[in-house]
Chemist: 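Encoded as structure tokens, here's the structure I'll be asking about.
Atoms considered below: every heavy atom in the structure, side chains included; atoms not considered: hydrogens, waters and symmetry mates. Naming: A, B, ... by sequence-line order, numbering from 1 per chain.
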Amino acid sequence: MDTHWTETLFPGAVILRRYAVERADTLISELDAILRQAPLRQMKTPGGRTIAVQNSSCGEFGWISDTHGYRYIRFDPISKAPWPAMPQGFKDLAIDAARAAGFDKFIPDSCLINRYLPGTKLSLHQDKDELDFNHPIVSVSLGMPAIFVFGGLQRSDPLSSIKLEHGDVLVWGGPARLLFHGVKSVKDQPHGTLGSQRINLTFRRAK
DNA sequence: CAGTAGCC
DNA sequence: CACT
């Protein structure tokens with residue numbers, strides 16, 4: 001019997017510890033089906049550098065990055081088909097977690113899927129490609145643990161680190177919505193079901 | 001030249 | 001420090 005608990009990091013930033021553990025196996029099998037339709041790929045920043053994290057998307061919109069910039073689009077540029085639908089289990093989890101964190105009106109239209117292999121990191125950035133910053137970001141951690149870093153509203157602001165483990169859900173919105181954040185280089189600490197990878201699902205309302 | 005979901 |  002699993003249990004979960006809540007930690008508030010800053011106003012608007014809440015960790016729901018182990019919130020997704022009971023649903024993880026279902027999420028992982030739904031994820032397999034999604035990735036068969038829209039395989040993970042490595043994108044480039046607008047500056048032409050390779051993003052270390054591998055990603056894909058599901059839902060009405062998918063996030064992409066290329067030389068033209070960051071944006072949300074309806075079609076997978078590889079398959080040219082619409083992104084795979086967001087499974088009901090994904091959507092329910094995101095809505096439930098957002099509500100548990102104090103955001104009741106959140107309905108995601110996009111889920112960015114990130115895979116971190118050992119040594120993968122994500123440098124400091126803001127999520128600001130969405131239309132309406134009143135909606136929070138809901139981030140679900142699966143597999144290997146990682147150190148997540150929160151900064152402030154300016155790149156130069158001081159940082160604080162939080163360990164995220166399998167089943168943890170981090171929600172940030174309101175005054176925390178535009179905080180810089182990133183993930184430190186992931187250590188190889190293989191997970192029971194996912195092995196040497198960390199999967200992160202980030203739910204957003206893109207439009 | 002400035003800024004970087006980068007890299008060493 | 002390299003790339004756009």
Chemist: Take atom CD of A:Gln126 and atom C1' of B:dT4, then tell me their distance rounded to the nearest Å.
Modeler: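 The answer, rounded to whole Å, is 13 Å.
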
Chemist: Under 4.0 Å between any heavy atoms, over every strand shown, what does A:Thr50 touch: base, sugar-phosphate, or nothing? Just pick one.
Modeler: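 The residue A:Thr50 makes sugar-phosphate contact but no base contact.
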
Chemist: Using whole Å, report how far CG of A:Asn55 lies from C1' of B:dA5.
Modeler: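 Spelled out: CG on A:Asn55 to C1' on B:dA5 is 9 Å.
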
Chemist: Taking a pair as Watson-Crick (N1 to N3 plus N6-O4 or O6-N4) or G-U wobble (N1-O2 and O6-N3), both under 3.5 Å, which stems of 3 or more consecutive pairs involve DNA chain C?
Modeler: B:2-4 with C:2-4

Chemist: For a quick check of understanding: with a heavy-atom distance under 4.0 Å over all strands, which category does A:Arg204 fall into, base, sugar-phosphate or nothing?
Modeler: base

Chemist: Send over the distance from A:Asp66 CG to B:dA5 P, rounded to a whole Å.
Modeler: 13 Å

Chemist: Which of these nucleotides, B:dC7, B:dT4, B:dA5, is closest to any side-chain atom of A:Ala52?
Modeler: B:dC7

Chemist: Apply salt bridge (Lys or Arg N to Asp or Glu O under 4.0 Å) to A:Arg17 and A:Glu165, showing your working.
Modeler: CA-CA 8 Å; A:Arg17 293 287 186 192; A:Glu165 297 180 81; 5.2 Å; no

Chemist: Side-chain contact test, heavy atoms from C-beta onward, threshold under 4.5 Å: evaluate it for A:Trp83 versus A:Cys111 and give yes or no.
Modeler: no

Chemist: Between A:Arg23 and A:Gly167, is there a donor-acceptor pair closer than 3.5 Å when you use the side chain of the first and the backbone of the second?
Modeler: no

Chemist: Is there side-chain contact between A:Leu31 and A:Leu201, with at least one heavy-atom pair below 4.5 Å?
Modeler: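 Yes - at least one pair of side-chain heavy atoms lies under 4.5 Å apart.
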
Chemist: Take atom OH of A:Tyr70 and atom P of B:dA5, then tell me their distance rounded to the nearest Å.
Modeler: 3 Å

Chemist: Could you state the CG-P distance from A:Leu112 to B:dA5, rounded to the nearest angstrom?
Modeler: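 Interatomic distance, CG of A:Leu112 to P of B:dA5: 14 Å.
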
Chemist: Using the side-chain contact (heavy atoms from CB on, under 4.5 Å) criterion, which residues pair with A:Lys187? Sequence neighbours excluded.
Modeler: A:Gln189

Chemist: When A:Asp66 is tested against each of A:Lys44, A:Arg71, A:Arg41, A:Arg49 for salt bridge (charged side-chain N to carboxylate O under 4.0 Å, His left out), which residue passes?
Modeler: A:Arg71

Chemist: More than 12 heavy atoms of other residues, nucleotides or ligands under 6.0 Å from NZ of A:Lys207: is that the case?
Modeler: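 Above 12, so yes.
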
Chemist: Assess whether atom CD1 of A:Ile107 is packed by more than 12 heavy atoms of other residues, nucleotides or ligands within 6.0 Å.
Modeler: no

Chemist: Rounded to whole angstrom units, what separation is found between the CD1 atom of A:Ile137 and the P atom of B:dA5?
Modeler: 17 Å

Chemist: Expressed as a whole number of angstroms, how long is the span from A:Lys44:NZ to B:dG3:C1'?
Modeler: 18 Å

Chemist: In whole Å, what separates the C1' atom of B:dA5 from that of B:dC1?
Modeler: 23 Å

Chemist: Heavy atoms of chain A, cut-off under 4.0 Å: which first and last nucleotide of DNA chain C, 5' to 3', fall inside that, if you could look?
Modeler: C:dA2 to C:dT4

Chemist: Students often get this wrong, so: under 4.0 angstrom with heavy atoms, is A:Ser65 touching a base, only sugar-phosphate, or nothing?
Modeler: nothing

Chemist: Take A:Arg18 and A:Asp168 through the test side-chain contact (heavy atoms from CB on, under 4.5 Å) and record every step on the way to the result.
Modeler: CA-CA 4 Å; A:Arg18 313 295 185 269; A:Asp168 288 348; 2.7 Å; yes

Chemist: Taking any heavy-atom pair under 4.0 Å as a contact, classify A:Ile51: base, sugar-phosphate, or nothing.
Modeler: sugar-phosphate

Chemist: State, with a plain yes or no, whether a side-chain heavy atom of A:His166 is found less than 4.5 Å away from one of A:Leu142.
Modeler: yes

Chemist: Rounded to the nearest angstrom, tell me the gap between atom NZ in A:Lys184 and atom P in B:dA5.
Modeler: 19 Å

Chemist: Does OP1 or OP2 of B:dT4 have a side-chain N or O of A:Arg155 closer than 4.0 Å?
Modeler: yes

